[in-house]
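Here's the structure, in structure tokens; my notes come after.
A, B, ... follow the sequence lines: proteins, then strands. Residue 1 opens every chain.
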Protein chains: 2
Amino acid sequence: MGKINQERREEILSAALRIAENGGLAAMSMRAIGAEVGLTPMALYGYFASKDELLDWLVGRVLQEVPPPDPRAHWPERLLACARGARAAAHRYPRTFSVLLNRPVVLPEAIRAVDPLYGALMDAGIPHERVAGWERMFSTFVLGFAVSEVSGRFGEGNLGTRERRECLDPGELPAHHRLGEVLDLPVDWDAEFEEGLARLVAMIEEEGAGTA
Amino acid sequence: MGKINQERREEILSAALRIAENGGLAAMSMRAIGAEVGLTPMALYGYFASKDELLDWLVGRVLQEVPPPDPRAHWPERLLACARGARAAAHRYPRTFSVLLNRPVVLPEAIRAVDPLYGALMDAGIPHERVAGWERMFSTFVLGFAVSEVSGRFGEGNLGTRERRECLDPGELPAHHRLGEVLDLPVDWDAEFEEGLARLVAMIEEEGAGTA
DNA sequence: ACCTGAACACCGTTCAAGT
DNA sequence: ACCTGAACACCGTTCAAGT
């Protein structure tokens, strides 16, 4: 077991990432990945037991691109750095990033990515038994926002919203009708992300201060 | 165009949902769906232009199972009802629910599901131009939490966490090491969801009161 | 330790044809 | 309007074989 060429494995994962970003996750077949690195598809099974396992490793590959925060910075800056780094990775790999939310991650890379968050929350004064819960809140917001953004769930720059709204019975959509054109205003996604983040940090500070 | 048997369409979507829940999303092939409703796979293309479009409709099918809140209830209760209804749907369809976060939803059902949230936020006193942003925060939390729960991202009841932690260099995971056994405590997911929800509602109330 | 070729049981989708 | 059968170009994966 185990004595397999690690560099080659990284090379394969990078190829998979490249293919997914160029043609979408559906284009990322074992055959396509193999061709990209100059191998038969069957050769990949020497590095990954199945395509499913390859996808697990791909989660780790994406997580590696979220740089760990500077440990000398104050805890709010460390939280912000993790959050912004994760969102930046989502923008860099918009077609692949959603795997982070879809797969039950049990990789070393996942634990390694969480550790700085635990550290920052403890430094904020959060009681130990509540650190994991706050980390879940924080990462759920960050990943949920980032995935919604790149998957288009938030609407693609609100194009076409108006038309779609109007082809529905207005009596069925009273709130949309009351809001009207306000819904077509452009959105500053950076600002919205930062505002949510700031609120979370403020809540963490408050809970931390209460027990300091 | 358009004059197609709607009941049959619903029947097909229910069959698709059934198959995905029994065997996972990967088992939901056009062939399997066809067989489940007693049709050739090709017959499905009379109802959906492609499997991708069928998946879009499936999002609507799942959203239909989130009951609209009682419009006579106070706005916080309406928000809570929507959130709990969505999470309940996630628990009912754990293997299918993640499609809600992965697909750019442009269906009437999606707009219909959002309308009660817009209404509640306006009744809370949120300025009109900030209603959509608050709705995104709220639904991101609800969907993100629910998807993380059913996809296993939060850890499967924390089983095996300890072992996984220990096979990593403890010097690389200082925060995990400091927290130690606290990380193995059981989690009350209902309570954690409700706590996050309560915080959101409190924040909404605060912003609404500031401009009332 | 690493890779290949042929083969198996599947996919989504098109197209011509049937009622 | 609705459905079928045959066919095309793909899948992931196994297995025996090669170096």
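Taking atom OH of A:Tyr45 as the reference point, atom P of D:dG12 lies 6 Å away to the nearest angstrom. Remark: P of D:dC2 and CD1 of B:Ile12 are 10 Å apart, rounded to the nearest angstrom. Following rounding to the nearest Å, B:Gln6 (CD) and D:dA1 (P) show an atom-to-atom distance of 14 Å. Rounded to whole Å, atom C1' of D:dC15 lies 11 Å from atom CE of A:Met42. Straight-line distance from the CZ atom of A:Arg9 to the P atom of C:dA1: 14 Å, rounded to whole Å. The CG-P distance, from A:Leu25 to C:dC11, rounds to 20 Å in whole Å. Taking atom OH of B:Tyr47 as the reference point, atom P of D:dA1 lies 12 Å away to the nearest angstrom. C:dT4 atom P lies 14 Å from atom CZ of A:Arg31, rounded to whole Å.
When distances run from any side-chain atom of B:Ser50 to the nucleotides D:dC3, C:dT13, C:dC2, the shortest one goes to C:dT13. Listed nucleotides D:dT4, D:dT13, C:dT13 differ in distance to B:Thr40; the shortest reach to its side chain belongs to D:dT4. Each of C:dT4, D:dT4, C:dG12 was ranked by its minimum atom distance to the side chain of A:Ala43; first place goes to C:dT4. Among the nucleotides D:dC3, C:dT13, C:dG5, the one closest to any side-chain atom of B:Leu39 is D:dC3.
Of the charged side-chain nitrogens involved, none lies within less than 4.0 Å of a carboxylate oxygen, so that A:Glu109 and A:Arg61 do not count as a salt-bridged pair.
Taking CG of B:Leu117 as the reference point, atom CH2 of B:Trp75 lies at 12.0 Å (rounded to 0.5 Å).
Listed pair A:Arg8 / C:dA1 fails the phosphate criterion, with no side-chain N or O lying under 4.0 Å from OP1 or OP2.
Under the 3.5 Å distance criterion, the side-chain polar atoms of B:Thr40 are left unmatched by any main-chain donor or acceptor of B:Ala43.
With the 3.5 Å cutoff on both pairing distances, Watson-Crick and G-U pairs in DNA chain C assemble into runs of at least 3 at C:4-8 with D:12-16, C:12-16 with D:4-8.
A gap of 22 Å separates the P atoms of C:dC2 and D:dA17, to the nearest Å.
Of the residues A:Val114, A:Leu100, A:Leu58, the one that meets the side-chain contact (heavy atoms from CB on, under 4.5 Å) test with A:Leu63 is A:Leu100.
Taking the centre and axis of the six-membered ring of A:Phe193, the NZ or CZ atom of A:Arg87 falls inside the cone set by 45° and 6.0 Å.
Here A:Tyr47 and A:Trp57 keep their ring centres 6.0 angstrom or further from each other.
The aromatic rings of B:Trp189 and B:Phe154 lie parallel to each other, their planes meeting at an angle below 30°, with 60° marking the opposite boundary.
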